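Owing to the predicted nature of the structure, the values given are computational and were not obtained by experimental measurement. In what follows, chains are A, B, ... by sequence order, proteins preceding strands, each numbered from 1.
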Amino acid sequence: MAEHEAYDIHGVEAKWLPIWDRIEPFKSGRADDARPKRYVLDMFPYPSGDLHMGHAEAYAMGDVIARYWIQKGYNVMHPIGWDSFGLPAENAAIKRGSDPREWTYENIAVQKASMRRYACSFDWDRVLHTSDPEYYQWNQWIFLQMYKKGLAYRKDSPVNWCPDCQTVLANEQVVAGLCERCDASVTKKKLNQWYFKITDYADRLLDDMDQLEGKWPEKVLQMQRNWIGRSIGAEVAFEIEGRDEPVTVYTTRPDTLHGATFMVVAVDSLLAAELVKASGAEEGFAQYLESVKAATDIDRLATDRPKSGIFLNRYAINPVNGEKIQIWASDYVLADYGTGAIMAVPAHDQRDLDFARAMGLPVRVVVETGEEDPNETGIATIGDGTLTNSGSLNGLSKSAAIEKITAELEAKKLGKAAKNYRLRDWLISRQRFWGTPIPIIHCDSCGEVPVPESELPVALPSAQGLDLKPAGTSPLGAAADWVNVACPTCGKPAKRDADTMDTFVDSSWYFLRYTNPTHATQAFDKKLVEEWAPVDQYVGGVTHAILHLLYSRFFTKVLHDIGLLNFTEPFTRLLNQGMVLMDGSAMSKSRGNLVRLSEQLDTHGVDSIRLSLIFAGPPEDDIDWADVSPSGSLKFLNRAWRISKDVESAAGCDFSKGDLALRKVTHKSLRDISLAVETYRFNVAVARTMELVNATRKAIDSGCGPEDPAVREAAGAIAISLSLVAPFTAEEMWSVLGHEPSVALAGWPVIDPVLLEEDAVVAILQINGKIKDRIEVSPDISDADLEKLAMENPEMSAALSGATILKTIVRAPKLVNIVI
RNA sequence: GCCCUGGUAACCCAAUGGUAGAGGUAGAGGACUUAAAAUCCUUUCAGUGUCGGUUCGAGUCCGACCCGGGGCACCA
């Protein structure tokens, strides 16, 4: 039977790609398509060079889901595009003395070719590039809608500045004091910049996570919660000697108000500057402020560094006990969190205690927690306890005291319950060329004037003649023809805003644009979006857990509030694939452990690489390529393919006449593969397919033989299962079995429940949980019958002789456990 | 420091609270071959990080600790 013709992995690639191009199995949204819709989305790539192993893994994962849903009868939209604005293009253009457009679109072409070779199930009619004016004009349009709602605004503020990239960064782009892109140490710079008011949505971003519970990885939800950092507490007003207005502080522990023995204001705050005026402490303050400014963020981030500060020669009055307390300035209080001023309760806050001990300030315990005295140990007591030294609060618990004092403060108009967030507004201005121009015109007479919507897009000028080298201001400012315009309101000479938007704006709504990527008069068609969105399954790296996903959620809520969307969360289910490592660390050229995708594909073939990436482990785990055996994958594909070659029954034969044992394996495998795919256990789905191949091999060689219809049925099931992971091999098998392409549209086989029933199962007989024997029983045996068999079993009765039975547990048909 | 994860064979990984092993890699032996490759068959290998608890029964649930990965971190 077996002529040992070798499986030609590269031959099938060349054979099927053009055929698929012709029949387009993955076109979505045809007008006459009655199948229910599903939306599978892979995070779109940034076009930096060719695709790498990480892309290969992510797109293989997305493909499993998309292709599975297609087999299950859905009309699946699985689009792809390019996140094509950004700094690398600009840096490359500077190096090459060319326009960023050239580098960008060349790379897109390279990546696109690789994706086609990789046989992703993308709908190629939906491609978008964020650097096309047809796309980014809608960034500008959305910006203008946000501007109208007061959600886009400008302010002077100290911002994160990367001296290497020569541009500002969002808080999210600063990692441990370093620029996430180039690792340069980030400094502060006071600039007038554009912001999106994401803080207005902090509560909803937090509370709407209820919708995502169980559907997004817990890790991502946790990261977002951390990032938003909501805290609940109270604001309390302190009178200041020699000042008309009181100073409000924010605290999460209003119960400890009686223990507030001094006040601290942020040294770099306006309040500090004001309080120090005419206090006699000006000189020392100025020196201290200088030393703080000289320190980098890295130094500031070291939590164990000693407290520093300066007494401002000013006093506040504790509102609950009238006590006069000193006001200090320090850098351990942040100017842009809360009110930039705190009441210090050294007994019950470690930072305040460290400061008090360093400066010799008083410490008063107001909550008895049963811990040792912080005065002696230097360790603040933060636990629950009983209030003391606290007037009306004495004897109360922490939570009761918080409730009572908050009410009292509110009644006396001295304070109120308050919330604060770690989240800051999203700074979107960038002083770079290759991004979306901000659609605002600055006019000396009219001020800030939005570009009329009818004049969008504000298209980027040619980079020709512009110096793109980072210089601290946007290169667009030098494009005289572009920047100088007439004011839309008064017609006088005015200037365009020369900054461009953070590229995270681009990716915050692209999933909506895919529903009609060429729409000329709207960002998206509301009706189409309602048909497809929200995205049913989003797939991408956990690196975007905060930035991109938080921004997209924010945009979705804003667009919902404007009335453009009927949902409030963009991505219903999220799958984070892990990274592809080599020898335990991330691949990089400099480390010398780079594995090139194209070389892997040349050597082992597309299907082997896809299969290897899927089979290596659970999707969310990192894969060490050193542990992976692509040649093993090829071996398996070869085995699968040979099954289809060995089939000797006629196409269209009656499966129901086939060998029952093999048919049962086939149907059980199909059920298990379905279940595994639906629960993201793609590696298990592959293992089950391997089992089916092994069983079929055995049936051919030493069982029912190749002419049995059950073998044909099994081969078909293998082809369809493999179509999720190894599309070329699957198509070839399908064709060998006498079917027309494409196997991708074959439809998931109907599982016959009768074939899932077992003839006999093995029941375990235990005594005290220890196995004594195994017996074969009918799957629908009753508890009583099984117990009877157990008692009659020789092993059991031997062990039971003379013993007293305390308890009998029967779980038919699987087990009997007798406790003696 | 706080929070989220994970720890099963030489390795990668499976196991609705019910036989620890499905699958693969590597290793060993064999069949085929002049030989090798390929193919096929057979096979070795852990008691689930540690300690305690719940349970008739724990890899699985609970608690503490150890180790790895990740997030937040002077946010009052």
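For B/G47, the O4'-C1' to base torsion is within 90° of 0; the nucleotide is therefore syn.
Pairing for B/G47 is absent, judged as Watson-Crick or G-U wobble with the two contacts each under 3.5 Å. Nucleotide B/A31 is matched to B/U39 when pairs are restricted to Watson-Crick or G-U wobble geometry with both distances under 3.5 angstrom. When Watson-Crick and G-U wobble pairs are counted only if both distances are under 3.5 Å, B/C2 pairs with B/G71. Using Watson-Crick or G-U wobble geometry with both donor-acceptor distances under 3.5 Å, B/G59 finds no partner in any strand shown. Partner assigned to B/A22 is none, using Watson-Crick or G-U wobble distances below 3.5 angstrom.
Contact annotation: A/Ser231 reaches the phosphate of B/A76 (side-chain N/O to OP1 or OP2, under 4.0 Å). Here A/Tyr337 reaches the OP1 or OP2 of B/A76: one of its side-chain N or O atoms lies under 4.0 Å away. Under 4.0 angstrom from either OP1 or OP2 of B/C56 there lies at least one side-chain N or O belonging to A/Lys807. In terms of phosphate contacts, A/Arg225 brings no side-chain nitrogen or oxygen within less than 4.0 Å of OP1 or OP2 of B/G71. When the side-chain nitrogen and oxygen atoms of A/Lys698 are compared with OP1 and OP2 of B/C40, none of them lie within a distance under 4.0 Å.
Atom CD1 of A/Ile228 and atom C1' of B/A73 are 17 Å apart (whole Å). Between A/Leu786 atom CG and B/G18 atom P there is a gap of 16 Å when expressed in whole angstrom units. Atoms CE (A/Met343) and P (B/C74) sit 20 Å apart, rounded to a whole Å. Atom CE in A/Met223 sits roughly 6 Å away from atom P in B/C72 (whole-Å rounding). Between the CD1 atom of A/Ile643 and the P atom of B/U39 there is a distance of 14 Å, given to the nearest Å. Computed from coordinates, the A/Asp622 CG to B/C12 P distance equals 13 Å when rounded to whole Å. Remark: P of B/C12 and CG of A/Asp583 are 13 Å apart, rounded to the nearest angstrom. Distance A/Lys635 NZ to B/C41 P: 10 Å, rounded to the nearest Å.
Checking A/Thr248 against A/Thr339 by side-chain atom types alone, no donor-acceptor pair falls below 3.5 Å. No side-chain donor-acceptor contact under 3.5 Å links A/Thr199 and A/Tyr421. Side-chain N/O atoms of A/Asn226 and A/Arg422 include no donor and acceptor closer than 3.5 Å.
B/G17 and B/G7: their P atoms are spaced 15 Å apart (whole Å). Comparing B/G59 with B/A14, their C1' atoms sit 12 Å apart, to the nearest whole Å. B/U43 and B/G23 have their P atoms separated by 12 Å, given to the nearest Å. Here the separation of B/U55 from B/G18, taken at their C1' atoms, is 12 Å to the nearest Å. With P as the reference atom, B/U25 and B/A37 are 16 Å apart, rounded to whole Å. The gap from the C1' atom of B/U8 to that of B/A22 amounts to 14 Å, rounded to the nearest Å. Separating the C1' atom of B/G47 from that of B/G63 is a span of 23 Å, rounded to the nearest Å. Atom name C1', nucleotides B/A36 and B/U5: the rounded distance is 48 Å, in whole Å.
Closest to the A/Asp621 side chain, of the nucleotides B/U5, B/C13, B/C56, is B/C13. Here the side chain of A/Arg642 is nearest to one of B/A76, B/C72, B/C40, namely B/C40. When distances run from any side-chain atom of A/Arg639 to the nucleotides B/A76, B/C41, B/G18, the shortest one goes to B/C41. Closest to the side chain of A/Val333, from the set B/A76, B/G18, B/G23, is B/A76. Checked against B/C12, B/A14, B/A76, the side chain of A/Arg688 finds its nearest nucleotide in B/A14. The listed nucleotides are B/A76, B/G18, B/C74; the one nearest the side chain of A/Ile809 is B/G18. Which of B/G23, B/A76, B/G71 sits closest to the side chain of A/Leu334 comes down to B/A76. The side chain of A/Met690 has B/G24 as its nearest neighbour among B/C72, B/U5, B/G24. Between B/G71, B/U16, B/C74, one nucleotide has an atom nearer to the side chain of A/Lys814 than all others, and that is B/U16. Picking from B/A73, B/U25, B/G24 the nucleotide with the shortest atom distance to the side chain of A/Arg422 gives B/A73.
In this view, A/Phe262 and A/Phe355 satisfy the ring pair (Phe, Tyr, Trp, His ring centres under 6.0 Å) rule, not counting sequence neighbours. Considering only residues two or more places apart in sequence or on other chains, A/Trp216 meets the side-chain hydrogen bond (donor to acceptor under 3.5 Å, both in side chains) condition with none of them.
The main-chain N or O of A/Leu575 is never found under 3.5 Å from a side-chain atom of A/Glu620 such that the two would form a donor-acceptor pair. Of the possible polar contacts, none joining the A/His258 side chain to the A/Val320 backbone as a donor-acceptor pair under 3.5 Å is found.
The stretch residues 761-771 of chain A touches RNA chain B through A/Val762, A/Ile764, A/Gln766, A/Ile771, each having a heavy atom under 4.0 angstrom from the strand. Less than 4.0 Å separates RNA chain B from at least one heavy atom of each of the following residues of residues 669-682 of chain A: A/Arg681.
Counting any heavy atom pair closer than 4.0 Å across all strands shown, A/Asn683 reaches sugar-phosphate atoms only and no base atom. A/Asp354 comes within 4.0 angstrom of no nucleic acid atom, judged by non-hydrogen atoms across all strands. Contacts of A/Pro618 with the nucleic acid, taken as non-hydrogen atoms under 4.0 Å apart, involve only primed sugar atoms and P, OP1 or OP2.
Look at A/Asp349 and A/Arg253 and you find no salt bridge, because none of the NZ, NE, NH1 or NH2 atoms lies under 4.0 Å from a carboxylate O.
If you find the closest nucleotide of RNA chain B to A/Ser633 and to A/Arg774, the one lying nearer the 5' end belongs to A/Arg774. Of the residues near RNA chain B, A/Ala335 and A/Ala616, the one whose nearest nucleotide (by heavy atom distance) lies more toward the 5' end is A/Ala616.
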- Message: What verdict does the side chain to side chain contact (heavy atoms under 4.5 Å, CB included) test give for A/Trp625 and A/Leu613, after you've listed the backbone C-alpha separation in whole Å, the side-chain angles of each residue and the deciding distance to 0.1 Å?
- Response: CA-CA 9 Å; A/Trp625 195 247; A/Leu613 288 165; 3.6 Å; yes

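Within a 6.0 Å sphere centred on CD1 of A/Ile775, other residues, nucleotides and ligands contribute more than 12 heavy atoms.
Here side chain to side chain donor-acceptor pair (under 3.5 Å) pairs that include residues 773-785 of chain A, with residues two or more places apart or in two chains, are A/Asp773-A/Asn793, A/Ser778-A/Asp780, A/Ser782-A/Asp785. The stretch residues 223-233 of chain A participates, sequence neighbours left out, in these salt bridge (Lys or Arg N to Asp or Glu O under 4.0 Å) pairs: A/Asp203-A/Arg230, A/Asp207-A/Arg230, A/Glu213-A/Arg225, A/Glu218-A/Arg225.
In the interface, the side chain of A/Asp627 is not paired with the base of B/C12 through any donor and acceptor atom under 3.5 Å apart.
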